[in-house]
Amino acid sequence: MWPLPEGYNYPRNHWYVATWSDELNNETPLERWILGEPVALYRDEQGRPVALEGRCPHRNYPLALSPIRGDALECGYHGFTFDSTGTCIRIPSQDTIPKVCRVKSFPLVERWRFVWIWMGDPDKADEALIPDHDEIALTADGWRAEQAMTHLLKARPQLLHENLTDISHLAFLHAGTVGTEAIAAADVTITDHGPYIRGARFIPNETLTGFFSDVLDYTGPVDRYVAIDFYAPSMHVALESFRYPGTDDPIGEFRVHHVVTPATPNSINYFVAYSRTFARDSEEVTNVMNTVFAGAIDQDIVAAEAIERMILALDEPKELLVKADEHSIRARRWMERLIEAER
Amino acid sequence: MWPLPEGYNYPRNHWYVATWSDELNNETPLERWILGEPVALYRDEQGRPVALEGRCPHRNYPLALSPIRGDALECGYHGFTFDSTGTCIRIPSQDTIPKVCRVKSFPLVERWRFVWIWMGDPDKADEALIPDHDEIALTADGWRAEQAMTHLLKARPQLLHENLTDISHLAFLHAGTVGTEAIAAADVTITDHGPYIRGARFIPNETLTGFFSDVLDYTGPVDRYVAIDFYAPSMHVALESFRYPGTDDPIGEFRVHHVVTPATPNSINYFVAYSRTFARDSEEVTNVMNTVFAGAIDQDIVAAEAIERMILALDEPKELLVKADEHSIRARRWMERLIEAER
Amino acid sequence: MWPLPEGYNYPRNHWYVATWSDELNNETPLERWILGEPVALYRDEQGRPVALEGRCPHRNYPLALSPIRGDALECGYHGFTFDSTGTCIRIPSQDTIPKVCRVKSFPLVERWRFVWIWMGDPDKADEALIPDHDEIALTADGWRAEQAMTHLLKARPQLLHENLTDISHLAFLHAGTVGTEAIAAADVTITDHGPYIRGARFIPNETLTGFFSDVLDYTGPVDRYVAIDFYAPSMHVALESFRYPGTDDPIGEFRVHHVVTPATPNSINYFVAYSRTFARDSEEVTNVMNTVFAGAIDQDIVAAEAIERMILALDEPKELLVKADEHSIRARRWMERLIEAER
């Protein structure tokens, strides 16, 4: 789907965030569509997370509308029961169970508060491929991390990827809160780090105001370092570091973790977390950051959905790429290579 | 449309229920879509029901939005007037009326409170083809019949047919009210009775509880006989008979009449009636049955619409048929033969 | 799009009404879709109206969601700024501006309270092609003109054109207010006046009642002259003239100006104005006319949208044309010639 080539939607043999740990329980399954498939998520009696294909093979009833029976899901329509491996263990109307009567079970890994799911070939599900949660400062010493937001967006995933890889938009879409014009004007340095591609901006001697000044409890000039690390195919880590001008002495740092899990070719499960080094004991700072980030994310959602509608209304989608889009285009090519590799 | 073959939607030369008698009057026409066509329904001055094609041939205005003038409908846009045979009897802007200016008039038969319509070739509209209302216990002596519900469902009609022909779903979708697990486990006997195919279950020595116990005013063991009679292409009569164990002595019986009138290829006019032999003078029992059946029908609607969405979201629809689907599959083949015969 | 030939939607090299003068300001842009394109409308600092293509060429963000900066629009996403000619004057992330980075600027003319837009080749935008506002009695001496209504209709524009060119519908759709049966029965004379085609009816010796009697403050017989002047491709002027029977002495006249600006192939920006010769100082008469016309226009909208749905539901659209459709068909052929000329 444009701006990817026709028929290119998402690579499957990768970890995606399915949901948050605290959304899963042994009472009521949760339905999420992921990579175009319905998934029923719950916990077994030992508390282990389970993800089953969310469609009963018998009559297409949504398994997420079905009751949990112990470790298993019992289809709410005719009672076909699937254990946590997806094996059918009961057909109430007969004693024998055909071998083909089963649903897929998807590998899950809980890391920090994220529940990561592997929608592709289960034999390839290597946990080492999950972004390092210390490296991304969710579990690292000296950081306080917050689970922030969950949204379902009506937009193709690539629009959100390309929002995130061009943070010159902070100066405009988020003017007055997290953005200043200096960000848009700063040179961008793109570097490939293997698991991620970084787009970084350095803004020396910026005067902090408003939100940043409030939460850092600091007034005056700073050297500001802003980067976006894109971990294909689904995570962006925004990195903001403030230092005393001309020094390496930190005033404070935070990360915002944007997770883009495709629901369908043109809808997105969008999860946001963030972490910080400063005011780690302050609930007030947490409240301020929650509020400001929620406002900014709402602006991103309005933009992505408006652009989705605009693209759909055009006879033929168009765009005009400029220098600031280099990070986006490198991320786009990376996505294309990942999809291409699976065809 | 799947699960019928591509292009197979519904047979036309059959009686379908269009509406209830008490919905028709000489004041305001009623619009229903039936087999993909708009129909304007009303009564003439003698009280006879009339069904006209619901679209003015002139400019496509819905005739059901138009006023009734005596026995005729006067198009609410430019006044073209059609008598109860569909003949245009007035074009206000000219004196001559082209022969081609007419709408179809559909044969109607009122039987009990149902208004049956014939959407096919009018020459083939034989009233004898309507299910016998004594046989289905709507007008039979010793029965009290109720007009219960009208719903418009966003689902292909076949999904509702196959819901009704596999009542093992009672044990799960309707657990706690009209269903018990014994129903799903019981053997099914399929028999062809000509006008209908019956799928029957016999459950000896079941202990009545809850709803059934309440309305029958009986506590204790029963022999329960449950059947679904499918009268193709549109009616299912559910039959529930409770007897003293090991005897032919009836405790009570009821029927539920499910009418599936296709509105369009993927929407349904769903009418429900029911009748009973017991507590025929009790409004309280009627109220309890109305409430419980309304709840159960709502569950069926949620299921059918959820499955419709699931099917639409799949690249290719799938299903996995088991022994309990025999009745459904025989009904499906019957529908296919009826459609095939008209091609 | 039916009833025009496949692929025929609207001619571009013509003036269309984009909006009302009082909807434009230097504070917040207005978005309107016109001929399938998004347009961002605002005023520059000198108060001159500006219409820019409403889609940023960079990333498809809607420019009408963007702030006005002086005479320019600054894209709300990444700050690309376009002056009132559509030239990009700033890309915040770089110093050079590619020549291809620009949006279309559409010629606008304010005439009376209408803002007319030219969506086609700007070199052909000749103001003389706008209907003469004296001739249509919006700015003529002796007339009081009112800006009345704005609606967005979900219907293809041709349905509204053909509503307006067959005013026999007044007798039925608007029975009891602006229509009487005599209108439908009267002969229609079609005459081609160059800029418009007139369909005229003369009804001698009609007895005024209700609305007309109220606003004209006159009871008794009149000679009534009713005409519709279609100015292709977008304006209809309805002309109502009441005279003392058998004379040329006017009792009063009014005009209703119906403007059909296609938003997309099947949606319409519908603007209504009207003017009158009588009771020009009476706010009460204005209030009565506003109310009655609003009711009638609502009936037209319900009809057009119902017909649009009916057409979409038919396998193949149909119609049956009669003598009273001559004006509509001549208007339709005119539209086809205008579109054909641009292919």
Side-chain angles (χ1 to χ4, degrees), chain A residues 2-3 155-156 158-176 179-188 199 201 203 226 296 299-329 332, chain C residues 1 7 9-10 12 29 31-40 52-69 72-82 86-104 262-267:
Chain A
W2 190 90
R156 60 198 69 189
Q158 199 63 21
L159 294 183
L160 198 44
H161 287 310
E162 302 191 1
N163 167 302
L164 290 158
T165 45
D166 180 5
I167 57 168
S168 77
H169 84 267
L170 267 66
F172 300 94
L173 192 61
H174 309 313
T180 60
E181 293 237 348
I183 285 183
D187 284 335
V188 189
R201 286 164 167 85
I203 306 152
V226 189
Q299 292 167 330
D300 289 313
I301 292 172
V302 167
E305 295 190 340
I307 292 170
E308 178 70 27
R309 288 192 299 273
M310 188 67 83
I311 290 170
L312 292 175
L314 293 175
D315 289 331
E316 205 172 344
K318 290 178 266 199
E319 64 184 350
L320 187 147
L321 300 173
V322 295
K323 221 175 52 177
D325 294 308
E326 186 190 342
H327 195 194
S328 294
I329 295 312
R332 191 190 289 182
Chain C
M1 178 174 280
N9 289 319
Y10 17 71
R12 301 189 72 80
E31 181 171 88
R32 277 211 200 292
W33 285 73
I34 303 177
L35 310 194
E37 290 193 54
V39 180
L52 297 183
E53 188 182 354
R55 182 187 70 80
C56 182
H58 174 225
R59 287 298 200 173
N60 294 299
Y61 190 79
L63 288 182
L65 293 184
S66 302
I68 301 167
R69 301 289 182 213
L73 272 189
E74 176 190 277
C75 176
Y77 200 7
H78 302 98
F80 288 45
T81 308
F82 302 91
T87 302
C88 183
I89 56 175
R90 183 181 179 222
I91 297 178
S93 58
Q94 65 186 50
D95 294 330
T96 59
I97 297 173
K99 262 195 185 163
V100 292
C101 186
R102 52 176 298 114
V103 293
K104 285 189 274 188
T264 65
N266 55 5
S267 64

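First the proteins, then the strands, lettered A, B, ... as listed; each starts at 1.
- Not a single ring pair (Phe, Tyr, Trp, His ring centres under 6.0 Å) links C:Phe82 to another residue, sequence neighbours left out.
- Counting heavy-atom pairs under 4.5 Å between each of A:Asn163, A:Ile311, A:Val188 and chain C puts A:Asn163 at the top.
- Most heavy-atom pairs under 4.5 Å with chain C, from the set A:Leu173, A:Asp315, A:Leu321, A:Leu159: that is A:Leu173.
- Residue C:Glu74 touches chain A through its side chain alone, counting heavy-atom pairs closer than 4.5 Å.
- Interatomic distance, SG of C:Cys56 versus CD1 of A:Ile307, reported as 9.0 Å (0.5 Å rounding).
- Using a 4.5 Å heavy-atom cutoff, the side chains of C:Pro62 and A:Met310 are in contact.
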Would you sort out whether C:Arg55 and A:Leu314 count as a side-chain contact (heavy atoms from CB on, under 4.5 Å), showing the intermediate values? CA-CA 10 Å; C:Arg55 182 187 70 80; A:Leu314 293 175; 3.7 Å; yes

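- Residue A:Ala171: no heavy atom, backbone or side chain, is found under 4.5 Å from chain C.
- Listed here is the closest heavy atom pair of A:Ala306 and C:Leu65: CB-CD1, 4.2 Å.
- Looking at C:Pro38, the atoms closer than 4.5 Å to chain A (heavy atoms on both sides) all sit in the side chain, from C-beta outward.
- Between C:His78 and A:Ser168, the shortest heavy-atom distance links the atoms CD2-OG, 3.3 Å.
- A donor-acceptor pair under 3.5 Å is formed between the side chain of C:Asn60 and the backbone N or O of A:Lys318.
- Contact between C:Trp33 and A:Ala313 at its shortest, heavy atoms only, is CH2-CB, 3.4 Å.
- For chain A, the nearby part of C:Cys75 is the backbone; its heavy atoms alone come within less than 4.5 Å.
- Of the two parts of A:Asp166, the backbone and the side chain both hold a non-hydrogen atom closer than 4.5 Å to a non-hydrogen atom of chain C.
- Atom NZ of A:Lys323 and atom OG1 of C:Thr96 lie 6.5 Å apart (nearest 0.5 Å).
- Closest heavy-atom contact between A:Phe172 and C:Tyr77: CB-O, 3.5 Å.
- Take A:His161 and apply the ring pair (Phe, Tyr, Trp, His ring centres under 6.0 Å) test, not counting sequence neighbours, and it matches A:Phe230, A:His236.
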Kindly indicate, with the supporting measurements, whether the criterion side-chain contact (heavy atoms from CB on, under 4.5 Å) is fulfilled by A:Asp325 and C:Arg59. CA-CA 10 Å; A:Asp325 294 308; C:Arg59 287 298 200 173; 3.3 Å; yes

